[in-house]
Amino acid sequence: WISKTQLSNNSYAIMIKRSEKILKFPNNNSKILALAKINFILKLEKCRKKWCKVSSDKIKGWIPKKSLWGVE
């Protein structure tokens with residue numbers, strides 16, 4: 001049993017690639033905002049077919065879905 005106050009609606013994913021670019025838009029030619037390293041935990045904002053919008057601290061951007069563990 002877990003108290004409802006201990007639960008959250010936020011979803012998170014873990015980086016499974018050694019390094020991946022976080023991009024401004026969901027395409028490979030977009031501006032690079034940051035680099036995410038292996039085992040880094042990112043908050044999931046939303047996902048599309050091949051891309052997920054993620055956030056961490058002050059960064060919000062897109063990353064290829066195949067680079068993340070914890071997404072469908």
Side-chain angles (χ1 to χ4, degrees):
W1 179 83
I2 298 175
S3 172
K4 190 174 186 176
T5 60
Q6 300 299 311
L7 300 176
S8 170
N9 289 331
N10 295 333
S11 296
Y12 294 86
I14 300 172
M15 273 290 303
I16 56 173
K17 288 185 84 179
R18 186 173 297 230
S19 177
E20 186 66 74
K21 299 169 193 157
I22 298 176
L23 304 170
K24 186 168 184 159
F25 299 105
N27 67 61
N28 290 320
N29 298 324
S30 184
K31 180 181 176 182
I32 300 169
L33 301 176
L35 286 176
K37 303 284 184 176
I38 194 166
N39 295 329
F40 195 76
I41 299 171
L42 297 159
K43 182 179 178 185
L44 287 174
E45 302 291 331
K46 63 182 173 181
C47 285
R48 293 185 179 170
K49 187 175 182 180
K50 294 185 180 184
W51 294 87
C52 286
K53 188 170 188 178
V54 296
S55 64
S56 176
D57 296 330
K58 298 177 184 177
I59 299 292
K60 241 184 212 186
W62 293 87
I63 196 163
K65 199 180 225 184
K66 65 182 179 185
S67 301
L68 301 171
W69 180 86
V71 295
E72 298 174 7

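When side chains are defined from C-beta on, P64 does not count as touching K50, because their heavy atoms never get closer than 4.5 Å. Looking at heavy atoms from C-beta onward, I59 lies out of side-chain contact with V54 at the 4.5 angstrom threshold. Inter-residue side-chain proximity for W62 and K21 is flagged as unmet; no heavy-atom pair is nearer than 4.5 Å.
Rounding to the nearest 0.5 angstrom, the gap separating the CH2 atom in W69 from the CD1 atom in I16 is 10.0 Å. Note that the CD1 atom of I63 and the OG atom of S55 stand 11.5 Å from one another [nearest 0.5 Å]. Atom CG of N10 sits about 8.5 Å away from atom CD of E45, to the nearest 0.5 Å. Distance check: I2 CD1 to T5 OG1 gives 10.5 Å after rounding to the nearest 0.5 Å.
Taking a 6.0 Å sphere around NZ of K65, one finds it holds more than 12 heavy atoms contributed by other residues, nucleotides or ligands.
Pairing each heavy atom of G61 with each of I22, the nearest pair is CA-CG2, 3.6 Å.
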Which side-chain N or O atoms in residues 24-44 pair as donor and acceptor under 3.5 Å with protein atoms at least two apart or in another chain?
| from | atom 1 | to | atom 2 | distance (Å) |
| --- | --- | --- | --- | --- |
| N27 | OD1 | N29 | N | 3.1 |
| N27 | OD1 | S30 | N | 3.0 |
| S30 | OG | K24 | N | 3.4 |
| S30 | OG | F25 | N | 2.8 |

